[in-house]
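First the structure, in the form of structure tokens, and then the observations on it.
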Amino acid sequence: MGEDRGVTQKSKDFSKWYTDVILRCELADYGPVKGTMVIRPYGYAVWENIQKIADKMFKETGHVNAYFPMFIPESFMKKEAEHVEGFAPECAVVTHGGGKELEEPLYVRPTSETIIWAMYKKWIKSYRDLPILINQWANVVRWEMRTRLFLRTTEFLWQEGHTAHATYEEAEEEARRMIEIYRKLLEDYLAIPVIVGKKTEAEKFAGAVHTYTVEAMMGDRKALQAGTSHNLGQNFAKAFDVKFLNRENELEYVYATSWGVSTRLIGAVIMVHGDDKGLVLPPEVAPYQVVIVPIWKSEDEKIKINEYVRNISEKLNAAGIRFYYDDREQETPGWKFNEWEMRGVPLRLEIGPREVASNSVMFARRDVPGKETGSVENVVGLVKEKLTVIQQNLFKKALKFREENTYRVSSYDELNEAMERGGFAIGYWAGTLEDERKIQEETKATIRCIPFEQEGEGKCILTGKKTSTLVVFAKSY
RNA sequence: CGGGGCGUAGCGCAGCCAGGUUCAGCGCGCUUGGUUCGGGACCAAGAGGUCGCCGGUUCAAAUCCGGCCGCCCCGACCA
């Protein structure tokens with residue numbers, strides 16, 4: 001028995017634990033080019049589940065999918081000043097094609113605002129053409145200095161919604177609608193509690209009027225921006241000269257939004273729910289919601305158990321439950337228990353001679369210790385019920401953890417203290433952009449957001465000015 | 001780009017700091033056969049390595065010296 005079986009203890013070295021989990025569970029592997037990542041089938045299956053859920057919600061709110069090119073002419077990138085400033089340094093640029101130097105370098109999209117708005121210019125003439133509610137599932141490239149599997153890689157997968165509207169109010173409504181969808185995606189499906197709010201001037205997206213965010217607390221008490229939605233106002237329409245004739249027959253610039261979530265969400269799931277044994281997946285996105293491990297000694301038992309499991313499999317299939325029957329003979333049951341626990345499967349069914357004899361099933365939940373038995377007749381009902389409970393319990397545990405590590409602060413000293421300890425700090429804020437930078441420098445923490453949920457009035461923790469604005473401070477990824 | 005660490009079998013590592021018959025080793029995994037199987041089974045037999053790359057020192061280099069390359073972790077930029 002070697003010592004390299006499991007993963008590094010989460011409490012011992014969170015960072016190492018995180019990469020261990022990803023590599024050992026075969027979610028992903030390092031690509032040959034620095035900063036790149038191969039998403040392996042088990043990890044990609046999680047992404048596909050996230051995609052399915054998100055895509056359905058987008059469609060339900062009137063959005064349609066499309067695909068825009070990955071190559072963006074350099075001149076497009078330079079049209080929106082703030083945008084260039086924000087992205088140019090981290091772009092990959094193609095200078096050669098077909099063996100010749102290109103006349104105009106092509107940027108590999110770091111995000112698609114520019115190319116999409118160049119197209120919208122062709123498509124939008126009148127208010128009757130609006131709104132345009134397009135989403136795209138794509139890869140983007142950002143030449144990051146420091147990368148980390150799932151959280152920040154040179155190339156990553158995401159969805160980016162790009163909408164065009166006739167009024168500011170409509171764009172604002174859209175931006176808020178989408179951040180609410182992200183909240184739902186995170187909380188109801190990934191079981192990750194989030195704080196929904198607005199980004200400060202210092203933290204907002206390059207080229208946005210407002211940026212909304214969902215912020216989550218990871219297992220090391222750092223914050224992760226899990227999804228963003230921007231009200232871009234008329235900035236991109238102006239940069240790309242996209243005007244429409246409104247009802248009053250006047251030319252007006254179009255209003256825009258953009259919003260996205262990425263494969264970073266998988267990193268969030270790992271860091272929020274994982275434990276010392278490894279990955280813990282919420283049933284809603286787990287590639288396998290259930291794993292069935294058979295236990296047999298004799299050939300005779302094997303035949304009976306296979307038959308018994310076939311019956312269960314058919315029922316689970318019919319109920320649309322994603323499961324895997326691990327009947328490999330080269331591994332022992334004990335080995336499989338550990339393996340699937342490490343891989344985060346929410347629910348395990350153990351079927352041996354005892355279960356067959358008593359028409360029962362042994363259940364082991366990933367989120368709590370211990371096992372319990374249930375009747376095989378009701379196996380689908382029990383599985384469904386347990387998956388629901390697990391899903392809820394993961395959310396509750398994550399919420400409890402966040403609350404235990406969130407502090408109300410009323411002075412700069414208290415903020416410093418809280419940031420030393422780690423976690424979120426909530427306090428009143430009336431500082432300037434410079435004050436914000438100062439805080440970041442001194443505490444290494446940033447204002448994650450101005451939560452939508454506000455209450456009361458108090459004194460700014462830095463300036464002492466009276467304000468009704470509460471903000472969340474935290475160190476972040 | 002700064003700081004730290006690491007490149008030796010598929011993976012994890014020991015051996016380098018006192019160069020040479022403990023120098024090509026260990027654990028896991030892999031292959032074959034058998035016994036096992038309700039919490040990471042055991043026995044036996046096997047396969048597997050340009051010691052990251054280039055150069056130098058030396059009778060002799062995984063080991064010492066110089067250069068290069070790559071990766072990971074920690075900081076500054078970011079979803």
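All figures in this text were calculated on a predicted structure; none of them were measured in a lab.
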Side chain Lys371(A) and base rG39(B) donor-acceptor under 3.5 Å
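Result: at least one qualifying N/O pair found.
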
No-H, no-angle donor-acceptor pair, Glu339(A) side chain to rG39(B) base, under 3.5 Å
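Per atom types, no contact qualifies.
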
Please find out if less than 6.0 Å separates the ring center of Trp47(A) from that of Phe150(A).
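When the ring centroids of Trp47(A) and Phe150(A) are compared, they turn out to be at least 6.0 Å apart.
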
When the distance from [atom1] of [X] to [atom2] of [N] is rounded to whole Å, what number comes out?
X         : N       : atom1 : atom2 : value
Lys302(A) : rU36(B) : NZ    : P     : 15 Å
Glu331(A) : rG38(B) : CD    : C1'   : 17 Å
Gln330(A) : rU35(B) : CD    : P     : 17 Å
Asp326(A) : rC37(B) : CG    : C1'   : 13 Å
Met342(A) : rC28(B) : CE    : C1'   : 13 Å
Phe337(A) : rC37(B) : CZ    : C1'   : 10 Å

Find out whether the Lys NZ or Arg CZ of [X] is both under 6.0 angstrom from the six-membered ring centre of [Y] and within 45° of the ring's axis.
X         : Y         : value
Arg109(A) : Phe68(A)  : no
Lys438(A) : Tyr412(A) : yes
Arg348(A) : Phe337(A) : yes
Arg176(A) : Phe452(A) : yes

Could you tell me the Watson-Crick or G-U partner of [N], where both distances fall under 3.5 Å? Say none if there is no partner.
N       : result
rU58(B) : none
rC13(B) : rG25(B)
rG38(B) : none
rC1(B)  : rG75(B)
rC68(B) : rG52(B)
rU32(B) : rA44(B)

Is there a donor-acceptor contact under 3.5 Å linking the side chains of [X] and [Y]?
X         : Y         : answer
Thr36(A)  : Thr154(A) : no
Asn49(A)  : Tyr189(A) : no
His162(A) : Ser258(A) : no

Give me the distance, rounded to whole Å, that separates [N] from [M] when you measure between the [atom1] atoms they each carry.
N       : M       : atom1 : answer
rG49(B) : rC13(B) : C1'   : 15 Å
rU57(B) : rA14(B) : P     : 31 Å
rA45(B) : rC65(B) : C1'   : 45 Å
rG20(B) : rC1(B)  : P     : 37 Å
rA62(B) : rA9(B)  : C1'   : 14 Å
rC72(B) : rU32(B) : P     : 35 Å
rG52(B) : rG29(B) : P     : 26 Å
rA47(B) : rC73(B) : C1'   : 35 Å

What contact category does [X] fall into here, base, sugar-phosphate, or nothing, at under 4.0 angstrom with non-hydrogen atoms?
X         : result
Thr153(A) : base
Glu355(A) : base
Gly260(A) : nothing
Leu151(A) : base
Gln225(A) : sugar-phosphate
Arg348(A) : base
Glu329(A) : nothing

Of all the choices, rC37(B), rG39(B), rC77(B), which nucleotide is nearest to the side chain of Asn338(A) once you look at every atom?
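Minimum distance to the Asn338(A) side chain belongs to rG39(B).
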
Check every atom of rG39(B), rC37(B), rC77(B) against the side chain of Lys297(A) and return the nucleotide holding the closest atom.
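Nearest to the side-chain atoms of Lys297(A), counting from C-beta on, is rC37(B).
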
Salt-bridged, Glu301(A) to Lys304(A), with N to O below 4.0 Å?
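Not counted as a salt bridge, because no side-chain N and carboxylate O are separated by less than 4.0 Å.
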
Which residue lies more 5' along RNA chain B, comparing Ala364(A) with Glu155(A) via nearest heavy atoms:
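By nearest-heavy-atom nucleotide position, the 5'-most residue is Ala364(A).
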
Can you name the atoms? Protein N/O to nucleotides 72-76 of chain B N/O, anything below 3.5 Å, with the distance.
from	atom 1	to	atom 2	distance (Å)
rC73(B)	O3'	Ser15(A)	OG	3.2
rC74(B)	OP1	Ser15(A)	OG	2.6
rC74(B)	OP2	Arg146(A)	NH2	2.2
rG75(B)	OP2	Arg146(A)	NH1	3.2

Judged by atom type as modelled, is there a donor-acceptor pair below 3.5 Å linking the side chain of Glu355(A) to the main-chain atoms of Gly352(A)?
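Between the backbone of Gly352(A) and the side chain of Glu355(A) there is a qualifying donor-acceptor contact (under 3.5 Å).
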
Is the distance from OP1 or OP2 of rA41(B) to the nearest side-chain N or O of Thr332(A) less than 4.0 Å?
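Thr332(A) to rA41(B) OP1/OP2: side-chain N or O found under 4.0 Å.
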
